[in-house]
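Quick notes on the structure that follows.
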Amino acid sequence: MAVPKRKMSRSNTHARRSQWKAGLPTLVKTIENGKTTYSLPHRAKVVEDSAGTPLFMEYKGRKVADV
């Protein structure tokens, strides 16, 4: 395991950590039955009945899990 030879100063540590930035997630816009929904790509979505009760999860049009 790599071990630093010298202690890293507080200012250098803060400068290194300040370079990391979180990116915005890309959302996919889907319109179903006149209702617009936004979801993350490559994620399973919950299929609900007309009352809003979750039934199952689907991915690419296939049932992948029960809720």
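Computed from heavy atoms alone, side chains included, the values below leave out hydrogens, waters and symmetry copies.
- Cluster partners of Val46 are Met57, Tyr59, Val64, Val67, counting Ile, Leu, Val, Met, Phe, Trp and Tyr whose side-chain heavy atoms approach within less than 4.5 Å, directly or via other members.
- Looking at residues two or more places apart in sequence or on another chain, you find a side chain to side chain donor-acceptor pair (under 3.5 Å) between Ser9 and Ser11, Asn12.
- Leu27 belongs to a hydrophobic cluster whose remaining members, ordered by chain and number, are Tyr38, Leu40; membership requires side-chain heavy atoms of ILVMFWY residues under 4.5 Å apart, directly or through intermediates.
- Applying the 4.5 Å side-chain rule to ILVMFWY residues, one finds that Ile31 remains a lone member of its cluster.
- Within the structure, salt bridge (charged side-chain N to carboxylate O under 4.0 Å, His left out) pairs that include any residue of residues 10-30 do not occur (at least two apart or interchain).
- The stretch residues 42-67 participates, sequence neighbours left out, in these salt bridge (charged side-chain N to carboxylate O under 4.0 Å, His left out) pairs: Glu32-Lys45, Lys45-Glu58, Lys63-Asp66.
- The side-chain contact (heavy atoms from CB on, under 4.5 Å) check on Pro4 picks up nothing, with sequence neighbours excluded.
- Alongside Leu24, the hydrophobic cluster contains no other residue (criterion: ILVMFWY side chains under 4.5 Å).
- For His14, there are no side chain to side chain donor-acceptor pair (under 3.5 Å) partners at least two apart in sequence or on another chain.
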